[in-house]
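Worksheet: one structure, shown below.
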Amino acid sequence: MDLLKADLFEKLGPLLSAEAAAEAAGTGVDAADLEQAVWVRLLERGRRAPDPAEPAEPARWLRRAVRAEARPARRRARREIPYDGPPAGDSPGGDRAVGHEPAAGAAPEDALLDREVNRALRSAVARLPGRCPELMKALLSPRDLTYREIAGELGISQGSLGPVRSRCLGCLRRMLAAEVAAPGLRGKER
């Protein structure tokens, strides 16, 4: 079968669009992404692709391919819980950086939430291993230090600040993620 035949795209295109649109709703993936993944799958198969001369075979293969591409996205959507924190403009204290004092005139509940977030962050930073607490405190400092100033204060080279910061942030991210309660399973567990 010649994959470059225009009739293949003309025959399978509408069916693929319909199948991808039907599957996309439950997966959280854009229908166009599913379509593209199926076309790539078809091109990767090469000579083993379904023969358009047999009308039942391409349609069946196409439906299976769309479902196979949608399956991992559906699993991902079940595992991943989107963060639904306050929007940037509605965040406690406005759009200022974490680690700073609440804005004057902020609502009492916003100020309380700000203090709680800052307390949790500073507590996690204090539990970081090695030089990470010192580095993170310098990065979160209200003095807004440059890398050169931080390197001078900590006695390490300026070039190593980036990799150390990256390791510290990864450790902090894992630490904070472990403190968040895992959601219960929905539906059957397999």
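Fair warning: this is a prediction, and the values are worked out from it, not measured in the lab.
- Note that CG of L161 is 6.0 Å distant from CG of L135, once rounded to the nearest 0.5 Å.
- The structure places CG of L16 at 5.0 Å from CG of L62, a figure rounded to the nearest 0.5 Å.
- The two residues M175 and R127 have their closest heavy-atom pair at CE-O, 3.6 Å.
- For S17 (side chain) and G13 (main-chain N/O), a donor-acceptor pair under 3.5 Å exists by modelled atom type.
- Atom-to-atom distance recorded for L121:CG and L172:CG is 6.0 Å, nearest 0.5 angstrom.
- In plain terms, the two heavy atoms of E35 and A20 that are nearest each other are CG-CB, 3.6 Å.
- V66 and V29 fall into different hydrophobic clusters, where Ile, Leu, Val, Met, Phe, Trp and Tyr residues are linked whenever their side-chain heavy atoms come under 4.5 Å apart, directly or through other members.
- A 4.5 Å side-chain heavy-atom check between E19 and L34 finds every atom pair outside the cut-off.
- The environment of CZ in R173 is sparse: at most 12 heavy-atom neighbours from other residues, nucleotides or ligands sit within 6.0 Å.
- In terms of modelled atom types and a separation under 3.5 Å, the side chain of E149 and the main chain of T146 share a donor-acceptor contact.
- The shortest heavy-atom contact between R63 and L15 is NH2-CD1, 3.9 Å.
- Shown here are the disulfide bond (SG atoms under 2.5 Å apart) partners of C168, two or more places apart in sequence or in another chain: C132.
- Rounded to the nearest 0.5 angstrom, I150 CD1 and E134 CD are separated by 12.0 Å.
- Residues K137 and V125 form a side-chain contact, since some pair of their non-hydrogen atoms from C-beta on lies under 4.5 Å apart.
- Between atom CG of residue L176 and atom CG of residue L169 there is a gap of 10.5 Å, rounded to the nearest 0.5 Å.
- In the hydrophobic cluster analysis, where Ile, Leu, Val, Met, Phe, Trp and Tyr join through side-chain heavy atoms closer than 4.5 angstrom, V40 is grouped apart from L12.
- Among all heavy-atom pairs drawn from P133 and A126, the shortest one is CG-O, 4.1 Å.
- Shown here are the side-chain contact (heavy atoms from CB on, under 4.5 Å) partners of R64, two or more places apart in sequence or in another chain: R60.
- To the nearest 0.5 Å, atoms CZ (R143) and CD (E153) are separated by 4.5 Å.
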